[in-house]
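Below: the structure, in structure tokens.
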Amino acid sequence: MTTLQITYFAALRDTTGYAEETLTTEMATAKALFHELTAKYHWPFAETDIQVAINDRYQSTDTLLKEGDRIVFIPPVAGG
Amino acid sequence: MTTLQITYFAALRDTTGYAEETLTTEMATAKALFHELTAKYHWPFAETDIQVAINDRYQSTDTLLKEGDRIVFIPPVAGG
Amino acid sequence: MLFQLTNQPIETLISSSLHPHTGGIVTFEGRVRAINDDREVSSLEYEAYPELALHEGHTIISEVLEQFDILEARAIHRTGHLAIGDIAVWIMSAAVHRKEAFAATEYIINAIKTSVPIWKKEHYSNGEAIWVRCDRCADEHNHTAKEVFSL
Amino acid sequence: MLFQLTNQPIETLISSSLHPHTGGIVTFEGRVRAINDDREVSSLEYEAYPELALHEGHTIISEVLEQFDILEARAIHRTGHLAIGDIAVWIMSAAVHRKEAFAATEYIINAIKTSVPIWKKEHYSNGEAIWVRCDRCADEHNHTAKEVFSL
């Protein structure tokens, strides 16, 4: 089990109703965690739509999660 | 014989010492007039370097000159 | 600062300090449009993930300074609530010769749209608001903004 | 006015009136460089043939408005004596989408350098001054400024 700090922005935050949560999971990778949270919050995104930041840097969704990581799932950006 | 109003700008004006002159010429075209003035003022330009404006519009250097035309020879531009 | 986020009007942050070799400066301003994809926009909101957005923005500008023959480059992106006509993003590149300044500025805006984590919520005059999904905004001729979901 | 000549600082003439569909604005500023072709420039002078310059400038902007998918375009060229850092030419294009605004602005500056009758006299820190010959300034990667003659 890994305990993580998850932060939600924009459309994802609207599905959770809060910006941050501390979550303990059995999932080993960011990708697996994405599917766990998609089931929980009914996210309207495919796996290929989403990028992940771990400790404030983009990482592969196959990255193994470590205790205390800060995780942010990033839906398609729309800046500029 | 045709009487013309000639205006000189920039490098050409520096060779004449004045900005305008009224000139009567036997030359039939702007190109021929260019060669006449090059001989007179020692202009350091080739025929292919120069464009001509007649009555404030670019024209071919083969254009026939008409009584009262305003002629400006235009050395390579350097705006912008 | 090479890349900034601000919740204040960008106009107040634009200064022109100039390298003495600067011959050409190209700027890009992205403005809030009154109409987007045929819908009447009343205002919009930009939300950034600041830690990552600043890192990615800084990386873009640093790479451009290495890869293009330019003297300076800067970008500022607005966050928070914006009205029609407000500047959402401002970018400038200064170069000895203009061709590189055009290329660098266009590269920066495309890169920002691709990789900087900033999201846009459009508010429409009929009261709806959506987070805009804009997968191909960097390739704008094929661009279709897709609604994520109405809120 | 689509194309203007001015002997006043261009900064004082730039206003931003905006079409409500404007999404992207690209500007180009040509500035007086301290160094040109390895010579130290102290100041310079632009001289225009006003009747023809205004006609050609207006024609360029009108053609761009027809040929590019843009909402607005303007250009202002300075005349008279300029100091290092002064804006010699300012161009802006506004469009719904940025790609066209970049293309239009770059087209305008190239066209101005090719066909608008404006000449530049560079004054150097050693006291010399020459009318700069710049046959290929519109194709600047092959550009060699050639001296017409010293005065």
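Every chain is numbered from 1 and lettered A, B, ... according to where its sequence line falls, protein lines coming before strand lines.
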For C/Val32, is it the side chain, the backbone, both or neither that has a heavy atom under 4.5 Å from a heavy atom of chain D?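 The answer is the backbone of C/Val32.
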Heavy atoms only, distances under 4.5 angstrom: which of D/Gly23, D/Gly85, D/Ala94 has the most pairs with chain C? Name it, please.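 Heavy-atom pair counts peak at D/Gly23.
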Should we say atom OH of D/Tyr124 is surrounded by more than 12 heavy atoms from elsewhere, each under 6.0 Å from it?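 Count over threshold, so yes.
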Looking at D/Gln67, I want to see if its CD is surrounded by more than 12 non-hydrogen atoms of other residues, nucleotides or ligands under 6.0 Å. yes
Spatial distance of atom CG (D/Asn110) from atom NZ (C/Lys99) [nearest 0.5 Å]: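 If I round to the nearest 0.5 Å, the distance is 6.0 Å.
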Chain D shares the most heavy-atom pairs under 4.5 Å, among C/Ile84, C/Ile91, C/Val41, C/Thr105, with C/Thr105
With no hydrogens and no angle check, is any side-chain donor or acceptor of C/Arg33 less than 3.5 Å from a backbone partner on D/Val96? yes
Could you tell me whether the side chain of C/Thr22 reaches within less than 4.5 Å of the side chain of D/Glu29, counting heavy atoms only?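 Side-chain contact under 4.5 Å: no.
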Given side chains that start at C-beta, do those of C/Lys113 and D/Arg98 come closer than 4.5 Å, heavy atoms only? yes
